[in-house]
Structures are given as structure tokens and as C-alpha cells.
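This report refers to the structure that appears directly beneath it.
First the proteins, then the strands, lettered A, B, ... as listed; each starts at 1.
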There are 2 protein chains.
Amino acid sequence: MPFPTETGRAVLTTNIVVFSLRDEQLKLLLVRRRNPPFQGCWALPGGVVGEDEDIEANATRKLEEGTGVSGVYLEQLCTFGDPGRDPRERVISVAYYALVASERLQVRSDAHGEDVGWFALAELPPLAFDHAKMVQVARQRLAAKLDYSTIAFQFMPERFTLSDLQKVYQMILDRDLDKRNFRKRMLAMDQIRETDEVRRNGSHRPARLYRVANPQEVQIIK
Amino acid sequence: MPFPTETGRAVLTTNIVVFSLRDEQLKLLLVRRRNPPFQGCWALPGGVVGEDEDIEANATRKLEEGTGVSGVYLEQLCTFGDPGRDPRERVISVAYYALVASERLQVRSDAHGEDVGWFALAELPPLAFDHAKMVQVARQRLAAKLDYSTIAFQFMPERFTLSDLQKVYQMILDRDLDKRNFRKRMLAMDQIRETDEVRRNGSHRPARLYRVANPQEVQIIK
DNA sequence: GCAGTTAGTGTATACGTTACACCAACATAG
DNA sequence: CTATGTTGGTGTAACGTATACACTAACTGC
């Protein structure tokens with residue numbers, strides 16, 4: 001089966017759904033498009049994959065350009081390639097999702113002359129192309145992974161309290177959790193370590209600080 | 001960001017990991033390559049996506065060509081696009097996996113002048129490109145989905161016994177299951193229905209035949 | 001009618017999940 | 001300095017789910 005010379009070829013791109021917690025909310029990184037189609041519209045960060053570039057390497061690079069952060073958790077989500085998804089020509093987009101601890105963030109607004117912004121999931125603007133669908137799939141995947149992996153720790157700063165962690169879970173799952181049961185479960189999976197520090201912030205009992213045992217890896221549990 | 005005219009373009013293909021149960025074994029459909037590269041080597045079925053063809057539609061079509069069956073369960077797995085995965089040029093493959101009930105199969109050997117064959121997972125020949133990796137990912141996904149979906153029913157014929165079903169689970173999970181607990185679990189999820197037929201095949205008590213309540217859908221359970 | 005073979009059934013135990021309420025420690029105001 | 005407000009931190013009982021386990025039922029063939 002020889003390759004066709006013209007047909008069956010497509011522009012290869014990536015898009016990344018970048019989650020982070022900012023202002024006690026789960027937010028997404030969006031960039032404003034400067035060119036048609038969808039000029040002026042908000043879209044997921046991403047770009048065209050270079051001729052000899054690995055797809056995931058491209059996603060990593062675009063993510064670093066957008067957030068200024070390297071070494072973040074990145075996972076392939078799904079590939080979108082409807083013939084009509086880009087009005088210009090056939091464009092395949094391999095979607096990824098990424099989780100960034102907000103303390104590490106330093107968004108370079110206008111790094112590439114693009115407007116960049118963080119948007120709460122509940123208040124997303126209309127998105128270009130099929131990016132809304134990508135966001136939906138990413139959100140589902142993230143929520144599902146909370147149950148059987150340590151993925152939530154990717155959001156945490158180096159030191160955090162159990163209440164901080166619980167807020168993260170509650171934000172992603174969009175429901176309240178029982179404090180005692182939550183703490184039991186977190187400590188039982190033996191992936192966070194108590195430190196001898198506490199945090200004092202307000203007129204109440206100070207909170208014990210914890211750290212992630214293996215911040216690099218996302219483990220599958222149970 | 002205008003598109004480059006030459007760089008960043010790739011041939012778009014699909015590959016499908018087709019699972020079926022044959023001879024009481026979990027087997028995969030492979031085709032022998034007639035052209036270089038990897039000429040004569042076994043590979044996953046698939047092909048180049050047409051200029052205006054939907055990616056999943058292409059996978060469905062290739063699957064039908066290979067098995068003669070339509071309406072089978074098909075799910076996107078992962079996308080492979082390493083720059084070096086095809087020695088000729090940049091080729092992106094969107095991998096799918098599919099589950100086919102063996103009773104429905106009528107493999108058209110030589111439909112396209114290709115050798116076609118079913119291979120037990122434990123006895124796969126060396127595969128072309130990165131297809132071995134695709135098989136590995138598909139196998140993991142399938143085993144994981146047994147736990148929380150009704151995906152296994154896709155393998156079943158219209159009428160089957162609980163022992164048949166148990167064999168399917170055991171084959172995929174590669175371990176024995178307790179008969180009473182298995183039956184309890186299957187009936188508890190209320191997705192199979194008793195029929196008033198039995199099957200007599202040997203000098204022993206006949207087995208009750210069941211059918212799948214919603215053969216079309218794969219449900220997520222619990 | 002006996003032997004061999006697969007089909008079919010119930011219960012007790014262990015384990016994990018859920019629900020739930022009070023005291024502790026600090027800052028601030030009076 | 002003490003009273004109040006606010007968040008941090010802890011254990012136990014009830015419940016439901018998952019596991020382990022052994023015998024009888026129904027048929028065929030000899």
C-alpha cells in the first residue's frame with residue numbers, strides 16, 4: 001500500500017489542557033488567537049509539531065512556553081481529527097492535559113505576542129475549534145484519576161496542609177468530602193509525609209504541614 | 001501562526017487491535033505486510049485515512065474489511081507519532097481497539113490480497129513498526145475495563161452460559177475466578193437476562209443460557 | 001445403576017466505606 | 001486576661017461489599 005502523494009496528509013498539532021489551582025479555583029490556561037480562523041477567540045495552548053519533533057516533546061515545549069514551568073505532569077488525552085474541524089485544511093490535534101502547581105507558575109503574558117489568561121472552569125469563554133470538547137474530556141479524565149491515582153498531588157506546593165489538599169479534591173470533584181474520612185484515606189495510601197512545621201494564618205489553631213513523598217511520580221493506587 | 005507549507009505535515013493512518021475469542025483463547029487479528037518496510041512481517045490491520053474521511057470512520061471501515069463484521073465495539077486508544085516510527089516519512093497512527101464476538105466473524109482471508117490470521121496473545125509473532133506497543137496498551141486497557149464496565153459482553157454470542165462468560169474473564173485477566181462469587185457479581189449488575197433455554201453438550205448437567213440485556217451499549221458500572 | 005463431568009447454589013468472615021461530634025489551639029476584641 | 005470565633009485535628013460504630021469455601025443436581029455413556 002504505497003502512500004498517496006497528496007491525499008491523506010495532514011497538519012499535525014498539539015493542544016494542551018493546562019489545569020492549575022488559582023484563587024482557590026480550578027482554572028485553565030487559555031490563549032487568545034491573533035489570526036484567523038477564530039481570530040480573537042480564546043483557545044487552548046498548542047501548536048504545529050515540527051518535522052522531526054516528537055509529539056509529546058512538542059506539547060511539553062508549548063506548555064513550557066505558556067507557563068514558564070518544566071517538569072510538569074503531562075498525559076496524552078485523545079486525538080481529534082474531524083475533516084472539518086479546521087476550515088483551512090486537514091488538521092489533526094493530539095490533545096494532552098497537564099497539571100501545574102500554582103506556586104511554580106509565572107505566566108509569561110505576551111511571551112509570543114499572545115494574550116494569555118486563566119479561566120475558572122465554570123466561566124470559560126467560547127473556545128475555538130473543538131477545544132470545548134477537549135476540555136470536557138480532560139475534566140472527566142482528571143476526576144476519574146483522583147479515585148485511583150496520586151494525580152492530585154501534582155497541584156500541591158512543596159508544603160501544604162490536609163485542608164489544602166481536601167479543597168483540591170473538592171474542587172475537582174465538585175462536592176464536599178468528610179474531613180475525617182478524607183484524612184484517613186490520604187494518610188492510608190502512604191504517599192504524603194508529615195513535616196515538623198506548621199502554618200499559622202489566622203486566629204485559630206495552626207495546621208500541620210505535609211509534603212508529597214514522591215513528587216515526581218503519579219502512582220496508581222489500589 | 002500560519003501553517004508551514006512543507007514541514008509539520010504527516011501521513012495519517014489508523015491501526016486497530018482487534019480482539020476476539022477463538023478456540024478458547026484471546027486472539028488478535030494480524031495481517032501480513034506485502035510491501036516494504038517490514039515486508040512479510042505481521043502487523044495490525046489499518047490504513048491511510050482518506051482526505052475527507054473521519055479517523056474513526058476509517059478505523060471502522062478497515063475493521064469491517066478485515067473481519068466482515070459491522071457494528072462492533074471500537075474505542076480510541078492512543079496516538080503514536082514518533083518521527084522515526086516509519087522509515088519512509090512522518091506517519092501518525094491513531095490506534096484503536098475493537099472487540100468482536102467470534103460467532104460473527106468470517107475473516108475474509110485475502111480480501112485485499114493480504115494474508116490474515118488470528119494469533120494468541122502469548123504467541124504473537126514479531127510485529128511491524130511500533131505495533132507491539134499498541135498491543136500492550138490495548139491489553140492493559142481491556143483488562144482495566146473489565147473491572148468497571150460491561151465491555152466483556154462484547155465478546156459473547158447471543159446465547160451463552162455463565163461458565164462461558166467466566167472463561168472470558170479468566171482469559172483476559174489471566175487468572176482463575178471463584179465460580180460462586182463470579183456468578184453473584186454478574187447477576188448483581190443486572191445486565192444479563194436468563195432465557196428459558198439450556199445447552200446440552202456432554203455427559204453432564206445442561207447449562208442455562210443467558211443473553212446480554214443491552215448488547216449495543218458498553219455501560220460503566222459502579 | 002454407576003461413574004464421570006459440568007452446572008448450580010448459600011453462608012460466614014474479613015475488609016473497606018460511610019456517617020457522625022467533640023476538643024484543641026490560636027488570634028482578636030473587649 | 002478571658003471570652004469568642006475560627007479552623008485543625010481525632011475515633012468508633014454501622015453498614016455494605018468482597019472473599020473464601022463444599023456440596024448437591026442433572027445429564028451421558030458404559
Side-chain angles (χ1 to χ4, degrees), chain A residues 21 23-24 143-144 146-150 152 156-157 159-171 173-211 219-222, chain B residues 21 23-24 143-150 152 156-157 159-211 219-222:
Chain A
L21 294 169
D23 318 318
E24 309 259 301
L146 276 199
D147 275 342
Y148 65 91
S149 80
T150 60
M156 305 316 288
R159 299 292 148 100
F160 57 91
T161 70
L162 290 179
S163 296
D164 293 341
L165 187 60
Q166 186 173 348
K167 279 181 202 150
V168 172
Y169 272 78
Q170 292 182 160
M171 224 172 298
L173 296 175
D174 202 28
R175 63 189 168 91
D176 286 355
L177 300 174
D178 178 84
K179 180 164 53 161
R180 274 175 292 191
N181 294 335
F182 178 78
R183 291 160 113 89
K184 226 182 306 174
R185 237 181 56 211
M186 288 303 117
L187 296 174
M189 63 189 182
D190 194 35
Q191 293 292 324
I192 60 179
R193 303 272 177 264
E194 197 174 315
T195 71
D196 49 9
E197 301 164 53
V198 294
R199 180 199 295 160
R200 259 171 255 274
N201 66 333
S203 46
H204 52 78
R205 179 172 175 173
R208 175 74 47 185
L209 290 173
Y210 291 79
R211 63 182 178 80
Q219 313 225 3
I220 305 299
I221 47 186
K222 280 201 329 177
Chain B
L21 294 169
D23 318 318
E24 309 259 301
K145 280 228 163 181
L146 275 199
D147 274 342
Y148 65 93
S149 80
T150 59
M156 305 315 289
R159 298 293 148 100
F160 56 91
T161 70
L162 290 179
S163 296
D164 292 341
L165 187 59
Q166 185 173 348
K167 278 181 202 150
V168 172
Y169 272 78
Q170 293 181 160
M171 225 172 296
I172 300 173
L173 296 175
D174 202 27
R175 64 190 167 91
D176 284 356
L177 300 173
D178 178 84
K179 179 163 53 160
R180 275 175 292 192
N181 295 335
F182 178 79
R183 291 160 112 89
K184 228 181 304 174
R185 239 182 54 211
M186 288 303 118
L187 296 175
M189 64 187 182
D190 194 34
Q191 293 292 325
I192 60 180
R193 304 271 176 266
E194 195 174 317
T195 72
D196 50 7
E197 301 164 52
V198 293
R199 180 199 296 161
R200 263 171 252 272
N201 66 332
S203 47
H204 53 80
R205 178 171 175 173
R208 174 74 48 186
L209 289 172
Y210 291 79
R211 62 181 179 82
Q219 314 225 3
I220 305 299
I221 47 187
K222 284 201 327 174

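Closest to the side chain of B:Asp178, from the set D:dG9, D:dC21, D:dT19, is D:dC21. In the set C:dA7, D:dG9, C:dA19, the nucleotide with an atom closest to the side chain of A:Asn181 is C:dA19.
With hydrogens and angles ignored, no donor-acceptor pair closer than 3.5 Å exists between the side chain of B:Arg183 and the base of C:dA7. With hydrogens and angles left out, the side chain of A:Lys184 and the base of C:dT18 share a donor-acceptor pair within 3.5 Å.
Annotation: side chain of A:Ile192 is in contact with side chain of A:Phe160 (closest heavy-atom distance under 4.5 Å). For the pair A:Met186/A:Tyr169, a side-chain contact is recorded, criterion being any heavy-atom separation below 4.5 Å from C-beta on.
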(request) Could you give me the CA-CA distance, side-chain angles and deciding distance for B:Thr161 and B:Leu209, then say whether side-chain contact (heavy atoms from CB on, under 4.5 Å) is met? (result) CA-CA 5 Å; B:Thr161 70; B:Leu209 289 172; 3.8 Å; yes
(request) Apply side-chain contact (heavy atoms from CB on, under 4.5 Å) to B:Lys145 and B:Asp147, showing your working. (result) CA-CA 5 Å; B:Lys145 280 228 163 181; B:Asp147 274 342; over 6 Å; no
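Across A:Arg211, A:Arg208, A:Arg159, a single residue satisfies salt bridge (Lys or Arg N to Asp or Glu O under 4.0 Å) together with A:Glu197, and that is A:Arg159.
Between A:Arg199 atom CZ and D:dT6 atom P the separation is 19 Å, expressed in whole Å. Atom-to-atom, CG of A:Leu162 to C1' of D:dG9 comes out at 9 Å; the value is rounded to the nearest Å. For the pair B:Asn201 CG and C:dT5 C1', the interatomic distance rounds to 11 Å; values are reported in whole Å. Rounded to a whole Å, the CE atom of B:Met189 is 15 Å from the C1' atom of D:dA18. Atom CE of A:Met186 is separated from atom P of D:dG9 by 15 Å (rounded to the nearest Å). In this structure, CG of A:Leu165 is placed 12 Å from P of D:dG9, rounded to the nearest angstrom. One interatomic measurement links the two molecules: CG of B:Leu177 to C1' of D:dA18, which rounds to 13 Å at whole-angstrom precision. Atoms CZ (B:Arg180) and C1' (C:dT6) sit 15 Å apart, rounded to a whole Å.
The 12-atom threshold is exceeded at CZ of A:Arg193, counting heavy atoms of other residues, nucleotides or ligands nearer than 6.0 Å.
Contact annotation: A:Ser163 side-chain N/O to D:dT7 OP1/OP2 distance is not under 4.0 Å.
Note that the CG atom of A:Leu165 and the CE atom of A:Met156 stand 5.0 Å from one another [nearest 0.5 Å].
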(request) Scan nucleotides 22-30 of chain C nucleotide by nucleotide, 5' to 3', and note B when protein non-hydrogen atoms come under 4.0 Å of the base, S if they reach only the sugar-phosphate, - if neither. (result) --BBBB---
